[in-house]
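Chain identifiers are assigned alphabetically (A, B, ...) following the order of the sequence lines, protein sequences preceding nucleic acid strands; residue numbering begins at 1 within each chain. None of the values given here were measured: they were computed from a predicted structure.
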Number of protein chains: 2
Amino acid sequence: MPQKNTDSSTKKAKVKVKANSLPQVTAVEQVDTTYLQTLLGYNARRAALTIIEGFLARMAEFGLKPVDFSVMSVIHHNPGVTSRQLCSALNLLPPNLVGLVQSLEARGLIHRLPHPTDGRATGLHPTPDGAALMQQAEQAATDLEIERSARLSAAQRKTLLDLLQKIYL
Amino acid sequence: MPQKNTDSSTKKAKVKVKANSLPQVTAVEQVDTTYLQTLLGYNARRAALTIIEGFLARMAEFGLKPVDFSVMSVIHHNPGVTSRQLCSALNLLPPNLVGLVQSLEARGLIHRLPHPTDGRATGLHPTPDGAALMQQAEQAATDLEIERSARLSAAQRKTLLDLLQKIYL
DNA sequence: TATTGTTATACTCTATAACTATA
DNA sequence: TATAGTTATAGAGTATAACAATA
């Protein structure tokens with residue numbers, strides 16, 4: 001849960017203080033961020049952080065942070081997936097996945113089985129507990145989606161998903 | 001610049017290997033991420049990271065990382081803005097802004113003047129060098145926007161900005 | 001008493017290099 | 001030789017508590 005700020009107004013307004021004080025030294029009344037708001041990266045990052053803040057709170061009940069959730073979700077929908085495949089699909093680095101997988105295994109949410117054809121690889125499978133947890137967690141995530149996009153119509157929400165995917169896919 | 005992956009396909013396909021091997025142990029051929037792709041947070045985060053990766057590369061020339069850029073941009077468009085106002089506008093925490101402002105000042109891009117009415121506060125102002133740098137940097141950022149959204153029409157790009165702002169504003 | 005800016009610090013996330021076992 | 005998984009570790013980003021100066 002990152003910063004909590006209330007003031008994000010964007011209306012531009014300056015006011016000169018003390019007519020004969022230091023030259024040009026004025027106080028800023030309302031911070032103008034209109035330029036940044038024209039940039040996709042700025043808006044996407046701010047939106048992502050806002051959504052993830054709510055996601056973190058909602059998923060605490062399941063002991064899943066965003067990356068844990070996405071890893072478990074991919075394993076849930078792709079039993080037998082390898083670490084390397086997970087890294088490619090989710091844009092993670094292998095060293096950072098190791099501890100994650102170990103902790104999921106220690107919690108009894110997944111187990112690891114030898115890969116049927118590649119002796120170097122290991123298949124990741126959800127345990128019954130893991131599958132049950134993810135069924136609940138994905139339902140909660142989907143519920144949260146609906147609340148989160150309360151200010152968007154269903155069509156707008158679909159449009160937003162499509163446009164975002166055009167950026168990163 | 002985060003991870004660079006090539007495989008992000010989503011077509012679902014499994015293949016059973018060795019008809020009489022261990023029960024249920026199959027290899028995953030194509031990783032299915034369709035569920036995650038229905039979540040705003042996942043898509044916003046992936047899109048933001050993709051955009052920021054390109055932004056980092058382009059802005060290296062100016063020695064500006066995304067947060068440096070946004071801080072400089074706000075100072076540029078709001079000379080005299082205080083640290084507290086910057087934190088509110090950009091959702092930063094005060095302790096994390098201190099070092100940032102110090103390094104921008106050390107580089108001669110901004111200078112700090114006493115606030116005209118509040119003795120506790122300090123106004124942040126761009127130097128001529130800082131203003132000149134930001135004029136170039138913002139032009140480069142805007143150019144990058146256009147390249148980045150090559151797969152989007154101008155109308156789609158505007159729609160995307162508006163929808164993202166509905167999420168976090 | 002509340003707020004601005006700061007210090008110190010801890011925690012998390014992300015990244016790189018190098019090793020092993022197998023292909 | 002190349003790839004899957006791992007280890008160790010460094011660096012960046014983000015968080016909280018507490019303090020001095022001013023309102």
Side-chain angles (χ1 to χ4, degrees), chain A residues 1-7 17 27-28 31 45-46 48-50 52-53 56-57 60 63-71 80-105 110 112-124, chain B residues 1-7 17 27-28 31 45-46 48-50 52-53 56-57 60 63-71 80-105 110 112-124:
Chain A
M1 280 130 294
Q3 305 90 339
K4 290 159 197 162
N5 290 320
T6 52
D7 169 16
V17 180
V28 173
V31 179
R45 180 159 192 272
R46 290 294 301 265
L49 291 174
T50 297
I52 288 168
E53 182 178 334
L56 264 168
L64 296 173
K65 279 178 286 188
V67 182
D68 306 315
F69 177 88
S70 60
V71 166
V81 68
T82 69
S83 292
R84 184 68 188 79
Q85 287 177 310
L86 265 175
C87 287
S88 293
L90 298 177
N91 205 27
L92 303 173
L93 290 173
N96 300 331
L97 187 61
V98 174
L100 233 144
V101 164
Q102 284 173 346
S103 96
L104 293 174
E105 191 179 26
I110 63 173
R112 299 153 38 125
L113 297 175
H115 190 279
T117 61
D118 190 337
R120 298 168 299 181
T122 310
L124 304 174
Chain B
M1 277 130 297
Q3 304 90 339
K4 289 159 195 162
N5 289 321
T6 52
D7 168 15
V17 181
V28 173
V31 179
R45 179 160 193 273
R46 291 294 302 264
L49 290 174
T50 298
I52 288 169
E53 183 177 336
L56 263 169
L64 296 173
K65 280 177 287 189
V67 182
D68 306 315
F69 176 89
S70 59
V71 166
V81 70
T82 68
S83 293
R84 186 66 188 80
Q85 288 177 311
L86 265 175
C87 287
S88 292
L90 298 177
N91 205 27
L92 304 172
L93 290 173
N96 299 333
L97 187 61
V98 174
L100 234 143
V101 164
Q102 285 173 346
S103 98
L104 294 174
E105 189 179 28
I110 61 173
R112 300 155 36 129
L113 297 175
H115 190 279
T117 62
D118 189 336
R120 299 168 299 182
T122 310
L124 304 173

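For the OP1/OP2 pair of dC13(C) and a distance below 4.0 Å, the side-chain nitrogens and oxygens of Lys65(A) include at least one atom meeting the criterion. Distances shown here put a side-chain N or O of Gln102(B) below 4.0 Å from the OP1 or OP2 atom of dT7(C).
Ala89(A) and Val31(B) make their closest contact through CB-CG1, 3.8 Å (heavy atoms, listed as atom of the first residue, atom of the second, distance).
Arg120(A) contributes a side-chain N or O that forms a donor-acceptor pair with the base of dT3(D) under 3.5 Å.
Side-chain proximity of Ala121(B) to dT7(C), dT4(C), dA17(C): nearest is dT4(C). The nucleotide whose nearest atom lies closest to any side-chain atom of Pro95(B) is, among dG5(C), dT7(C), dA23(C), dT7(C). Ranking dA23(C), dA8(C), dG5(D) by closeness to the Arg84(A) side chain, first place goes to dG5(D).
Nearest-nucleotide positions on DNA chain D place Arg45(A) closer to the 5' end than the other of Arg45(A) and Gly119(B).
Rounded to whole angstrom, the span from the CD1 atom of Ile52(B) across to the C1' atom of dT14(C) amounts to 13 Å. Atom CG of Leu97(A) is separated from atom P of dG5(D) by 9 Å (rounded to the nearest Å). What separates CG of Leu90(B) from C1' of dG13(D) is a distance of 15 Å, to the nearest Å. Atom CD in Glu53(B) sits about 17 Å away from atom P in dA12(D), given to the nearest Å. We find that CG of Asn96(A) is positioned 7 Å from C1' of dC13(C), with the value rounded to whole Å. Spacing between atom CZ of Arg112(A) and atom P of dA4(D) amounts to 15 Å, rounded to whole angstrom units. Leu93(B) places its CG atom 14 Å from the C1' atom of dG5(C), with the value rounded to the nearest Å. Between Ile110(B) atom CD1 and dG5(C) atom P the separation is 12 Å, expressed in whole Å.
A heavy-atom distance below 4.5 Å is not found between the side chains of Val28(A) and Thr82(B). For the pair Leu124(B)/Glu105(B), no side-chain contact is recorded, criterion being any heavy-atom separation below 4.5 Å from C-beta on. Using a 4.5 Å heavy-atom cutoff, the side chains of Val71(A) and Leu90(A) are in contact.
A donor-acceptor contact under 3.5 angstrom links the side chains of Ser88(B) and Arg84(B), judged on distance only.
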